[in-house]
Amino acid sequence: MAAWWKSFGSNGNGRAPSTAAEPEDRLVPAYSPHFDQMEGGRAPAFPAPAGDAVPDPSFEETDAAGVHAITKKTDYWFEREMHVVEREAERLAAEWAQKGLPRHDVPRTEPLEPEQVLAKLCEKTLGDWRQRVVTKMRDAIESANQQVGEHVAALRVKVSRLETFAHDLADREDRIERIKKELERPVQPVRYDRILPAGVFWAGAAMLALVEFVANFPVFRLMLPMNARLAQLAGRAAENVDDTRLTAGPNMMLIELSTHIEAAVVALVAVTILVILGKTIGNGIRAILALKPEEHPLASTAIRSSHRQHRLLIQVGTVGILFVLAFLFMARAGIGDAARARVAATDVELARGRAAAAIDNRDPGAVVQAGRRIRDLERRAAIQAEDAAYATTVEQNNVPIAMLNFALVLAAVVLGFCFAKDDLTARLGEHPDVVKLRQQCLDIRRDQILVTHEARAAAGEANLAISTIQHLLGARPLRSWDGKVKRIESVIPRFRGENARQRGLDPASIRAFDAPPAMAVPTIDVEQQFTEPAEFARLCEEKRELVLALDRLTPRRHADADSLEAAVA
Amino acid sequence: MPIRWRQPLRNRQLIRAVATAASVAIAGAGCAGEAQVKGSTPDARPDGRPPTQYIIGVDISASRTSQELADARMLLRTLAATLQPGDEVVFIETFRAGTDQAREWSDSLPALRRPPNMSGGERRQREDFQADVKAVAQVFVDSMRSKSIYTTDIVSTLWRAADHARAAGQRSTTIILLSDMLNATPELNMERAGSLPDRSWISSRQAAGRVPRLDGVCVVVVGAELRSARGPRVQAFWDAYFRAAGTELPVTRFHSMVTDPGELRCR
């Protein structure tokens, strides 16, 4: 007997009682026609016929709140346990029936052993069901209470942030008002004037250009020789200059300029670039030094824009000047070789001419021709020798000349600096701090709306959890106990009926079944109430106060509220 | 506060007045220069001498000594140094008997574009011209060639000179005969004793139109032989000949040697 009891275990099938939360322990009879449809021992998602597998409520909505969610699971559990008990009853009935027990003609005063077992199982099952319902209810209440606490805490944090936002917003709006009041005072003009008058500037610029041109033109004249025809033209023009007059020098200069066109153009371009870029750099430096955004906050945007543009011009101008000065330096470094090469070539030609003239020649015409050629070559050699000497001098003084060029550039920069002027008074804008503060206010309002939404959501969740608790507190989930009792009371009759059926007898004809089933159904207090969680009242009160504070801190309707709300949505 | 230059109204007026005065002064100097140029004589030359055509007859026959030839070269170099813009030089090697060819060379120097001012180019041209003349003189007065020349046809040379003189244009012509004036051709050989023709010879040739026209031409002889008794007779003959030709050859222009180019003019 003892061994037989042991084989049953606590529910009569050798296994521990299973729960709905442990799908792997759910019991489904292997003979159930639905067994093959299950995966991993889980019942199919349709209600099984009576006597077969119990539908698993886990396939239904798991987030169902309220008492129903709890009772559904406990009912499932009860049905499953009762199903096991009933199957055990049938098995015991069949086993006894095979042995022809109980004897049909022998009355029993004591309950049959299987009936005792079944009664105990039923009692335990019912007691466990009740305990499960109560526990689940309490757990649900506690869980809802925890949610209330969480949501109230979240609401508290949001309200605190809203208070901070309100404080920051008020502070920034105060600062905006203070700045606006300060700006109501008369505004100083944002400008700077020329230091030099136009006449001085233009005279200085012209003189600079002239000096640069005069200094650089001879270099290019040596570097860029004329073609033969132009050289002849230049020679004839120079010969026709009356060298007894004071204007002979300027005339010669003009002839040289007009015949050495390439050198004149290159020198002019170099000069123009240096003077113009120098002036531009001077302009830019003046613009950057004369006006500072910190000193004129209202024009800070215009001043920064002006600085950006002038900074670019300064950079480009500096690069251009450096290139031109480098070009001039390299040009001067190379003219000596060219000039000396020309002198050497002319010397060779002259030696050849003299050798030809030394040949005794009786022809007067040939003698005259040879003589003229030699004289021309000698004159050319003399000019080229002077040019070579000049080029050598320039080469040897390349660095000082470069420094002079740089000094002339600095003079152009100074001229540009002194001649610059600008007036940005008409381009005053808003105080940059006001712009910054206004943007910060906008950001704060945007955050306010977001946080307000979150706070409202938290308040809503808290309300939901409170309602859940209140609903659970008012629920009477044990009211369905009578159905359960009837179910458990049907186990022993099932045993008896199955036993009789197996034996082909009428249960009423079996004397051992005369006594009514002995089952002590425990008393259940269907009106049992659940206690309110300890912190529940406090949380409700805190939530109420926080909602009031939230209403107070909800931002006023603002001009940007619609766009902000739309952006947040 | 930026520095401001404030020019009172009177300062600006002063600057304008100074600028205007400077402009007027510069323009006036230019105009004065122009006036100086415009007021000068178009033909005025640095030395005051009018443009001259020098026709130089060079006699390098064997009768001329090497010293005489050297003196002639020296004279020509000195003469070349006096040449001025507008002058023309014609070298004619004296003709020889039996041939109607003689070496010639001629060249001229252009007149000044803006007399009397000479530009640098004009000065260079003058230097070149003078150097050319000196070089050509070296070629013409060649001692080496004189050893092989035995005849001298001065009459034909004068005909060629007359041809050049006709083309002198605005220039005055001076014929410089670097010769001993001893014509040595079969027709007229003055080197033989007693062969100097008389005036009838000149008259007959003049009547036949065989005397060249040298009207207005100044003739100077350098290198004549004056030490002997023949010298004056030779001078007289040529004086008569040149008179028939429309000019003259007085004793004052019949030289043995000349060192000053100033003596090569007809006063």
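To find a chain, count down the sequence lines: A is the first, B the second, and so on, and within it residues start at 1.
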**Request:** Report, as yes or no, whether the 6.0 Å neighbourhood of atom CD on A:E256 holds more than 12 heavy atoms from other residues, nucleotides or ligands.
**Result:** yes
**Request:** Indicate yes or no: at least one non-hydrogen side-chain atom of B:R124 is less than 4.5 angstrom from one of A:R379.
**Result:** yes
**Message:** For B:K134, is the NZ atom crowded, meaning more than 12 foreign heavy atoms sit under 6.0 Å from it?
**Reply:** yes
**Complete:** Among B:D107, B:D132, B:V139, the residue with the most heavy-atom pairs under 4.5 Å to chain A is B:D132
**Request:** For the pair B:R103 (side chain) and A:R362 (backbone), establish whether a donor and an acceptor sit closer than 3.5 Å, ignoring hydrogens and angles.
**Result:** yes
**Prompt:** Minimum heavy-atom separation for B:W105 to A:G365, with atom names?
**Reply:** CD1-N, 4.3 Å
**Asked** Using non-hydrogen atoms only, which part of A:V367 is less than 4.5 Å away from chain B: side chain, backbone, both, or neither?
**Response** side chain
**Message:** Can you tell me which portion of B:F91 sits under 4.5 Å from chain A's heavy atoms? Options are side chain, backbone, both or neither.
**Reply:** neither
